[in-house]
Amino acid sequence: MTYAREERSALCDLFDRLGPDAPTLCTGWSTYDLAAHLVLRERRLDAAAGIALKPLAGYTASVQQGLKAKHPYPELVGMVRSPGGPYGVLPFLDDAVNTLEYVVHHEDVRRAQSGWQPRELPARLQDLIWKRVSAMGRLTLRRSPVGVVLHRRGGGVALGGPSGGPKVEVSGEPAELLLFCFGRQDHAKVDLSGDEEQVARLRSAVLGI
């Protein structure tokens, strides 16, 4: 089983355990909303573009609400559990596109609950996350108001944000750097160093794809 499938399965188990009304780190979304989002991005490709493109966001939100109206929560979770669209027939594509997606959304649910603790992820998964985070640093940190230097604990450096000017150093395990770069700054277990004003600006910036 790929890491994408493992994270998908673990997230769906958590969905089942928590029910449809549990909070997530996705602003304004319950577990029901997040399940509908995941179904939409795989099975409603006509609406998926609005996830990233603001002019299409209204249509995407409408389709997502329609999925909730049409499918009871357990049914949506079952649809998430089995990859849909091209991901269901091309496992390599599921692994390439969905590994980070499901790591992040799994943590979106875990870390919105009281008493959560960081997971100890397999070393190979951390290596994979770091490889992709370091390659995507310029993209995920493009809206950062300051330059960013990502430091993987144990070795590894990547850059993001504007070149030149002040820089903030962000250190942590790859999964924590992933969450930070995907806009979950308040819930990522990382250390930040640099000018206090610039650190504060980075903490409140809108990051991610």
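Numbering of residues begins at 1 and proceeds along the displayed sequence.
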Taking the side chain as every heavy atom from C-beta outward, state whether [X] and [Y] have any pair of such atoms under 4.5 Å apart.
X      : Y      : answer
Glu173 : Lys189 : no
Trp130 : Leu177 : yes
Asp46  : Tyr59  : yes
Arg152 : Ile129 : no
His187 : Leu179 : no
Leu202 : Ser144 : yes
Thr140 : Leu178 : no
Thr60  : Leu53  : no

Does the [X] side chain pair with the main chain of [Y], one donor and one acceptor, at a distance under 3.5 Å?
X      : Y      : answer
Arg41  : Leu38  : no
Thr99  : Asp95  : yes
Arg142 : Gly208 : yes
Gln126 : Ala175 : yes
Ser134 : Ala158 : no
Ser30  : Pro20  : yes
Arg8   : Val80  : yes
Gln185 : Ala205 : yes
Arg43  : Met79  : yes
Arg184 : Phe182 : yes

From [X] [atom1] over to [Y] [atom2], what is the distance, rounded to the nearest 0.5 angstrom?
X      : Y      : atom1 : atom2 : value
Thr31  : Arg17  : OG1   : CZ    : 12.0 Å
Asp195 : Lys167 : CG    : NZ    : 13.5 Å
Asp33  : Lys68  : CG    : NZ    : 3.5 Å
His37  : Glu42  : NE2   : CD    : 9.5 Å
Arg81  : Leu76  : CZ    : CG    : 13.0 Å
Asp191 : Glu169 : CG    : CD    : 11.5 Å

Heavy-atom pair with the smallest gap, counting every atom of [X] and [Y]:
X      : Y      : result
Cys181 : Leu207 : O-CB, 3.6 Å
Pro86  : Leu45  : CD-CD1, 4.2 Å
Leu34  : Cys26  : CD1-SG, 4.4 Å
Arg132 : Ala96  : NH1-O, 3.3 Å

Between [X] and [Y], is there a shared hydrophobic cluster once you connect ILVMFWY residues whose side-chain heavy atoms come closer than 4.5 Å?
X      : Y      : value
Leu100 : Leu14  : no
Trp29  : Leu40  : yes
Leu139 : Val146 : yes
Ile51  : Leu11  : yes
Val104 : Leu18  : no

### Query
Would Leu192 and Phe180 satisfy side-chain contact (heavy atoms from CB on, under 4.5 Å), going step by step from the backbone distance to the final call?
CA-CA 11 Å; Leu192 284 79; Phe180 188 92; 3.9 Å; yes
### Task
Check the angle between the aromatic planes of Tyr32 and Tyr73 and answer parallel, tilted or perpendicular using the 30° and 60° thresholds.
perpendicular
### Message
Run the salt bridge (Lys or Arg N to Asp or Glu O under 4.0 Å) test on Arg111 and Glu176 for me, step by step, so that the C-alpha distance in whole Å, both residues' side-chain angles and the decisive distance to 0.1 Å come before the verdict.
### Response
CA-CA 12 Å; Arg111 298 186 186 208; Glu176 302 299 330; 2.8 Å; yes
### Message
Checking Arg119 against Glu107 for the salt bridge (Lys or Arg N to Asp or Glu O under 4.0 Å) test, could you report, in this order, the C-alpha distance in whole Å, the side-chain angles of both residues, the deciding distance, and whether it holds?
### Response
CA-CA 9 Å; Arg119 293 184 291 157; Glu107 294 301 325; 2.7 Å; yes
